[in-house]
Amino acid sequence: MSVPVIYPGSFDPVTNGHLDLIKRAARIFNTVIVGVATKTQKKALFTPRERLEMLKETTKGIKNITIELFDGLVIEYARQKKVKVLVRGLRMISDFEYELQMALTNRRLAQDIETIFLMPSEGYSFLSSALIKEAAALGADLSSFVPSSVALRLKKKLKTGK
Ligand code: ADP
């Protein structure tokens with residue numbers, strides 16, 4: 001579809017689930033802008049720049065995607081980019097309530113912007129950045145959750161803080 005979309009999120013860090021969603025979106029839409037939120041609700045482990053770099057490293061093969069930082073409201077960012085469609089992921093029914101609330105709030109704030117939802121492959125439907133950070137802190141093998149470059153960064157960050 002010749003429609004550009006924004007996939008906004010914290011990506012702290014990017015997981016195989018996020019990547020699955022990015023690939024799905026890139027197959028449907030001509031431009032996928034991945035917006036990395038610089039201000040997150042929970043304190044992020046990685047800096048915005050690190051989160052952006054990890055996304056760049058792990059999406060090299062995808063042509064129609066751009067990765068950027070943004071701060072403030074997603075809808076303001078979308079307006080700035082002249083984008084009318086936001087993409088979000090739905091893993092489980094537990095995501096639904098929060099995502100619905102957010103989509104409806106955004107719609108109230110910007111009636112011309114729609115949110116659409118994509119579902120990851122079922123193998124990734126349990127994956128979250130939060131869980132991966134916990135598993136990493138406990139020394140788990142992360143190879144089926146995140147790309148190897150992200151697993152390395154996680155180990156280093158948890159060990160040295162950098
Ligand atoms: P946020 O803090 O904005 O929720 P996240 O980086 O946690 O940012 O998630 C961004 C979007 O990606 C959300 O819509 C979330 O539901 C979705 N998402 C996160 N993990 C997965 C996954 N494993 N599979 C599919 N979608 C996911």
Side-chain angles (χ1 to χ4, degrees), residues 4-29 31-78 80-81 83 86-99 102 106 115 117-162:
V5 294
I6 293 178
Y7 175 31
S10 326
F11 306 104
D12 184 44
V14 59
T15 70
N16 289 342
H18 293 128
L19 292 171
D20 178 275
L21 226 69
I22 290 172
K23 286 178 199 149
R24 282 172 203 282
R27 284 204 291 266
I28 307 172
F29 300 101
T31 308
V32 178
I33 303 170
V34 180
V36 180
T38 55
K39 296 193 185 83
T40 54
Q41 293 224 317
K42 282 176 246 151
K43 197 179 152 5
L45 177 64
F46 292 97
T47 67
R49 187 131 295 279
E50 289 168 334
R51 288 183 266 135
L52 176 120
E53 280 166 11
M54 284 186 276
L55 272 157
K56 286 205 162 155
E57 282 163 18
T58 52
T59 54
K60 277 196 181 123
I62 310 169
K63 300 237 154 41
N64 51 332
I65 119 169
T66 345
I67 301 155
E68 300 180 342
L69 299 178
F70 76 96
D71 55 21
L73 284 173
V74 172
I75 50 148
E76 291 303 334
Y77 174 52
Q80 238 178 56
K81 309 292 296 180
V83 169
L86 305 176
V87 169
R88 295 281 291 177
L90 279 181
R91 287 162 288 190
M92 310 261 185
I93 193 80
S94 50
D95 277 341
F96 181 74
E97 205 173 325
Y98 173 70
E99 291 291 342
M102 194 152 65
N106 281 337
T115 308
F117 295 94
L118 294 177
M119 277 145 301
S121 162
E122 67 269 21
Y124 299 130
S125 60
F126 63 94
L127 270 188
S128 71
S129 300
L131 203 89
I132 285 162
K133 283 181 276 188
E134 264 185 51
L138 298 171
D141 171 14
L142 302 177
S143 55
S144 59
F145 304 148
V146 292
S148 52
S149 60
V150 175
L152 278 175
R153 287 232 200 192
L154 261 167
K155 273 193 200 138
K156 183 164 165 256
K157 176 68 97 178
L158 291 165
K159 208 166 166 191
T160 66
K162 280 189 221 139

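Since this is a predicted model, take the numbers as computed values, not measurements.
- The side-chain heavy atoms of Ser10 and Gln41, taken from C-beta on, include no pair separated by under 4.5 Å.
- No donor-acceptor distance shorter than 3.5 angstrom exists from the side chain of Asp12 to the backbone of Ala44, with no hydrogens or angles considered.
- Summarising the geometry, atom CD1 belonging to Ile6 is positioned 7.5 Å from atom CZ belonging to Phe70; distances are rounded to the nearest 0.5 Å.
- If you run side-chain contact (heavy atoms from CB on, under 4.5 Å) between Phe11 and each of Ile67, Val34, Thr40, only Val34 comes through.
- One distance of note links OH of Tyr7 with CZ of Arg24; it measures 11.5 Å at 0.5 Å rounding.
- No side-chain heavy atom of Glu99 sits under 4.5 Å from any side-chain heavy atom of Thr115.
- For Arg91 (side chain) and Pro120 (main-chain N/O), no donor-acceptor pair under 3.5 Å exists by modelled atom type.
- Nearest approach of Leu158 to Lys133, heavy atoms of both residues: CD1-O, 4.4 Å.
- Remark: side-chain polar atoms of Arg51 are not paired, donor with acceptor, to backbone N or O of Val14 under 3.5 angstrom.
- Atom-to-atom distance recorded for Leu154:CG and Met54:CE is 7.0 Å, nearest 0.5 angstrom.
- A 4.5 Å side-chain heavy-atom check between Arg88 and Tyr98 finds at least one atom pair inside the cut-off.
- With rounding to the nearest 0.5 angstrom, the CG atom of Leu86 is 9.0 Å from the CE atom of Met102.
- For the atom pair CG (Leu127) and CD1 (Ile132), the distance works out to 4.5 Å, reported to the nearest 0.5 Å.
- At distances below 3.5 Å, not a single donor-acceptor pair connects side-chain atoms of Asp71 with backbone N or O atoms of Lys39.
- The two residues Leu69 and Pro48 have their closest heavy-atom pair at CD2-O, 3.5 Å.
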* To do: Please assess Phe29 against Asn64 for the test side chain to side chain contact (heavy atoms under 4.5 Å, CB included), listing each intermediate value before the final yes or no.
  => CA-CA 8 Å; Phe29 300 101; Asn64 51 332; over 6 Å; no

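- Looking at heavy atoms from C-beta onward, Met92 lies in side-chain contact with Phe126 at the 4.5 angstrom threshold.
- Taken from CG in Leu118 to CG in Asp20, the straight-line distance is 9.0 Å, to the nearest 0.5 Å.
- Contact annotation: the side chain of Ile22 approaches that of Ile62 to within less than 4.5 Å [non-hydrogen atoms, C-beta and beyond].
- For residues 145-161, the salt bridge (charged side-chain N to carboxylate O under 4.0 Å, His left out) pairs, not counting sequence neighbours, are Glu50-Lys157, Glu53-Arg153, Glu57-Arg153.
- In this structure, the side chains of Ile65 and Leu55 stay at 4.5 Å or more apart for every pair of heavy atoms.
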Could you list the donor-acceptor pairs under 3.5 angstrom formed by side chains in residues 136-152, with sequence neighbours left out?
{"from": "Asp141", "atom 1": "OD1", "to": "Ser143", "atom 2": "N", "distance (Å)": "3.0"}
{"from": "Asp141", "atom 1": "OD1", "to": "Ser143", "atom 2": "OG", "distance (Å)": "2.9"}
{"from": "Asp141", "atom 1": "OD2", "to": "Ser143", "atom 2": "OG", "distance (Å)": "3.3"}

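- Here the closest heavy-atom approach between residue Phe46 and residue Pro13 is recorded as CE1-CB, 3.8 Å.
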* Asked: Which is it for Ile33 and Tyr77 under the side chain to side chain contact (heavy atoms under 4.5 Å, CB included) test, yes or no, and what are the steps along the way?
  -> CA-CA 11 Å; Ile33 303 170; Tyr77 174 52; 3.3 Å; yes

